[in-house]
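Contents: one structure, followed by commentary.
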Amino acid sequence: MSIANRILLGFIAVIVLVIALGALGLSQIGEVRSETSRIVTRDLAFVRQLTDVQTAQHQLEAATEADFADHAMGVMGPTADGASADWRRAEATAIQSLDQAITQATNYQESAITSDRAKAWGEISQSLTRARAILTDLRQRDLIAFQAMARGDMAAGQSQREGLLGPRAAFQQEMARASASLDQAIELGQRRVDTVYQQSRLYNLIGLVLAVGIAMAVAYLIRKSIITPLNSFMAFVERVGQGDLTRHTELTSADEIGRLGATLNVMVDGLRDLARQNREATENLNAATAEIRASSQEQAASVEEQLAAVQETAATVDEITHSGAQIGKRAQEVIASAQATAQTSNEGLRAVDETARAMDSIRDQAEAVAENIVALSEKTQAIGDIISTVNDISERSHLLALNAAIEAAAAGENGRSFAVVASEMKLLADQAKDATNQVRSILGDIQRGINSSVMLTEEAVKRVAAGKERTDTTQRTITEITGRVQESVQTFQQIVASTNQQQLGIEQVMGALQNIRQASQQTAVGTRQLEEAAGNLASLSQQLLGLAERYRV
């Protein structure tokens, strides 16, 4: 049987056992619940029945006392036997509830689950039967008393009433015995429930212990059939990992463990062949690597000597080329500087011309500004005259408003509206006077500014004339510098042309040397790479040889 089937059967057995124990436990729990519910239901129903009997008895006693009181007061109506309708209903209810209780106790006695509870229900039935006889006797006594009192024989009725106390006490004693027997029956039922519950717990505990034992047995069998062979295989694999390829595993069977052992043996055989072939190939590789490394070292020495010679020649030509390039570069810089200087001179000459024309324009504009300022000063003086006139008008208006106010005050009530107009005129005159003073102050500031502007304009015209003379001198100087710079540029251009021809020849030689040096460097790099590869092969062959020596074949 395979390992998977063993494990599957073991788990199935454990699961079936757990299910069986669970079903057994559930059935026990169901029985406990059913029996508990049946016992509790019966006990509660009979408790309610006894309560109904007690209630009916109390109602009958109350109806009896009410009829006695009605007979004593002479308010009882005519009846056949001296009892009222309420008493008859209470008496019938009491007899009926007591009969039902006796019947119920008898039925419970017949279906009791234990003999003790059957005995308790029998005692209850007997007590209720005796109480039934007492209740019948009380009924007869009540009727005799009612009939005597209905005839008017109050003494006989009262004597009969006093004789009811003994039977009533006997009835209560029988009901008390029935209640005590019921309490005993309830206690016996609780003990029965506890006994069934303890039995159910015991059965479940035994089933759990049995399930754990079977599970442990299944686990032990599975371990014995799987873990022990696997431990043997682990020891065998550890020996193989340490390099021992001389042994085979001895565990063989028809299941998966046996097939795993056969596979491991095939693997060890393959590793043994591979290790043997690897050792032979490594020895051959080590010998070939030593030959390649010696040859590459000789070639590397020759290439390095050739590369050193080429590098010295290239360095010399490179210095010559660098010097020529610097000369050409300096000449180009000088030419560029000279051309820039000539261009700057031309631009400066044009700027001087434009400056001269601008100064002439500035002088004309300054003279025009001066004339406009003079005209503006004359107009400002005219505005001052107008302001003086407006000031006089405001003073006269102020005086006129004052006179109008005086006249309005003299006119009394009739001149009140005229006084308001006079007040407004006075206010406007004051505002006009204040505005006139402000305008006069502003005109004074403008006049002073105009005078300053006239002086500054005259000074600017003088400076423009002096600047025009200096600009003419500068223009002549820049013209001479520009001519000399142009001559220098032509000379440097001739020098640069001859330097460029020499530089072309040197560059051709330098290109050839660069090609030679590059080829030498590539050869040297290839040789070094070959030597490194040979060294890596030697190291690898040594490692492979060490690995091959690790395995014992």
Side-chain angles (χ1 to χ4, degrees), residues 32 34-68 83-84 86-146 157-197:
V32 171
S34 177
E35 190 165 352
T36 302
S37 176
R38 184 167 62 253
I39 293 172
V40 171
T41 302
R42 286 185 176 185
D43 293 345
L44 290 177
F46 198 79
V47 168
R48 287 194 296 269
Q49 189 64 40
L50 283 183
T51 303
D52 294 340
V53 171
Q54 293 284 359
T55 302
Q57 176 61 25
H58 291 318
Q59 291 177 355
L60 178 60
E61 291 178 359
T64 301
E65 295 298 327
D67 285 355
F68 282 147
S84 64
D86 292 338
W87 182 88
R88 291 186 178 280
R89 284 194 296 271
E91 183 265 342
T93 302
I95 294 296
Q96 182 181 2
S97 62
L98 189 56
D99 290 339
Q100 290 177 354
I102 293 171
T103 302
Q104 193 171 1
T106 302
N107 293 332
Y108 288 169
Q109 180 183 2
E110 294 176 355
S111 60
I113 58 175
T114 62
S115 59
D116 293 336
R117 278 180 63 87
K119 181 178 179 182
W121 286 116
E123 292 176 355
I124 294 171
S125 178
Q126 292 175 4
S127 297
L128 293 177
T129 302
R130 289 192 295 270
R132 175 71 167 75
I134 295 171
L135 184 60
T136 302
D137 182 56
L138 285 172
R139 175 177 176 276
Q140 296 297 328
R141 289 174 180 272
D142 289 339
L143 289 175
I144 292 171
F146 290 157
Q158 186 65 30
S159 176
Q160 190 68 28
R161 179 182 179 187
E162 292 176 355
L164 297 175
L165 297 176
R168 287 180 180 176
F171 181 83
Q172 294 297 330
Q173 289 178 359
E174 294 298 332
M175 293 301 298
R177 291 191 186 97
S179 298
S181 298
L182 178 60
D183 293 338
Q184 183 180 2
I186 293 173
E187 184 179 358
L188 292 173
Q190 184 64 37
R191 291 178 182 176
R192 173 60 181 172
V193 171
D194 293 339
T195 302
V196 174
Y197 177 71

From [X] atom [atom1] to [Y] atom [atom2], the distance as rounded to the nearest 0.5 Å:
X: T136; Y: R132; atom1: OG1; atom2: CZ; answer: 4.0 Å
X: D86; Y: L60; atom1: CG; atom2: CG; answer: 11.5 Å
X: Q109; Y: Q126; atom1: CD; atom2: CD; answer: 8.0 Å
X: L164; Y: S159; atom1: CG; atom2: OG; answer: 10.0 Å

Side-chain donor-acceptor pairs of residues 139-146 under 3.5 Å, sequence neighbours excluded:
unit_1, atom_1, unit_2, atom_2, d
R139, NE, E91, OE2, 2.7
R141, NE, D137, OD2, 3.0

If you define the side chain from C-beta out and look only at heavy atoms, does anything of L135 sit under 4.5 Å from Q57?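 L135 reaches Q57 side chain to side chain.
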
For the residue pair S181 and I124, what are the closest heavy atoms and their distance?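 Residues S181 and I124, closest heavy atoms: CB-CG1, 3.2 Å.
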
Quick check: closest heavy atoms across L188 and A120, and the distance to 0.1 Å? CD1-CB, 4.4 Å

Which residues satisfy the side-chain contact (heavy atoms from CB on, under 4.5 Å) test with [X], sequence neighbours excluded?
X: A180; answer: none
X: Q54; answer: H58, Q172, M175
X: S97; answer: Q49, V53, A56
X: T106; answer: I102, E110, S125

List the residues meeting ring-ring contact (aromatic ring centres under 6.0 Å, His included) with F171, not counting sequence neighbours, and say none if there are none. none

Would you say the side-chain atoms of R89 and T93 include a donor-acceptor pair closer than 3.5 Å?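 No donor-acceptor contact under 3.5 Å links the two side chains.
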
For E61, enumerate each residue passing the salt bridge (Lys or Arg N to Asp or Glu O under 4.0 Å) test, keeping only those at least two apart in sequence or located in another chain. none

Salt bridge (Lys or Arg N to Asp or Glu O under 4.0 Å) partners of E65, counting only residues at least two apart: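 Here the qualifying residues are R161, R168.
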
Under the 3.5 angstrom rule, does the side chain of D67 hit a backbone N or O of S84 as a donor-acceptor pair? yes

Pairs where residues 96-139 contributes a residue and the test ring pair (Phe, Tyr, Trp, His ring centres under 6.0 Å) is met, not counting sequence neighbours: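 Of all non-adjacent pairs touching residues 96-139, those that pass ring pair (Phe, Tyr, Trp, His ring centres under 6.0 Å) are F46-W121, Y108-W121.
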
Summary of salt bridge (charged side-chain N to carboxylate O under 4.0 Å, His left out) pairs that have at least one residue in residues 111-120, sequence neighbours excluded: D43-R117

Residue pairs passing the salt bridge (charged side-chain N to carboxylate O under 4.0 Å, His left out) test where at least one lies in residues 175-186, sequence neighbours excluded: E174-R177

Partner residues of T129 under the side chain to side chain donor-acceptor pair (under 3.5 Å) criterion, sequence neighbours left out: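 Side chain to side chain donor-acceptor pair (under 3.5 Å) check on T129 returns nothing, list empty.
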
